[in-house]
Amino acid sequence: MDALEDKLDLWLIQGAERFRNDPKVSRALLNLAKHDDSRRCLVLLNAILDTPELAERLMQVLSPETDKSTNGASLSEA
């Protein structure tokens with residue numbers, strides 16, 4: 001599984017470079033790549049997105065300023 005994890009991390013780093021003009025996305029991808037278990041983080045993200053309204057509720061609690069910067073758009077619309 002380590003080889004697959006390394007490939008995933010490299011893909012995430014490349015994505016961060018590709019989206020370097022969007023600092024929040026780039027930073028998120030790099031943080032994900034640096035995590036010891038980036039695959040598990042992605043699986044968790046999938047579970048969050050599969051749970052109705054959970055992503056929006058988490059954004060309100062964890063990053064209220066980010067939620068406001070989307071001009072009220074939900075994550076599925078952004």
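Hydrogens, waters and symmetry mates are skipped; everything else that's a heavy atom, side chains included, is used. For clarity, every value in this text was computed on a predicted model and none was experimentally measured.
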Any side-chain heavy atom of [X] sitting closer than 4.5 Å to one from [Y]?
X     : Y     : answer
Lys34 : Leu12 : no
His35 : Asn31 : no
Leu42 : Leu8  : yes
Ile13 : Leu29 : no
Leu54 : Arg57 : yes

Notebook entry, point to check: With sequence neighbours excluded, what pairs up with Leu44 under the side-chain contact (heavy atoms from CB on, under 4.5 Å) test?
Noted result: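 Here the qualifying residues are Ile48.
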Note to self: Give me the atom names and distance for the closest heavy-atom approach of Ala16 to Ser26.
What the structure shows: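 Looking at all heavy atoms of both residues, the closest pair is O-OG, 2.9 Å.
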Next item on the list: First locate atom NZ of Lys7, then atom CG of Asp2, and finally report the distance between them rounded to the nearest 0.5 Å.
Entry: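 Spacing of NZ (Lys7) from CG (Asp2) equals 12.5 Å.
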Next item on the list: Look at atom CG of Asp36 and say whether more than 12 heavy atoms of other residues, nucleotides or ligands are closer to it than 6.0 Å.
Entry: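 Open.
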Next item on the list: Report whether Trp11 and Phe19 are members of the same hydrophobic cluster (ILVMFWY, side-chain heavy atoms less than 4.5 Å apart, transitive linking).
Entry: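 Trp11 and Phe19: one cluster.
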Note to self: Test of understanding: clusters of I, L, V, M, F, W, Y form through side-chain heavy atoms closer than 4.5 Å, transitively. Do Leu32 and Val25 belong to the same one?
What the structure shows: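 Leu32 clusters together with Val25.
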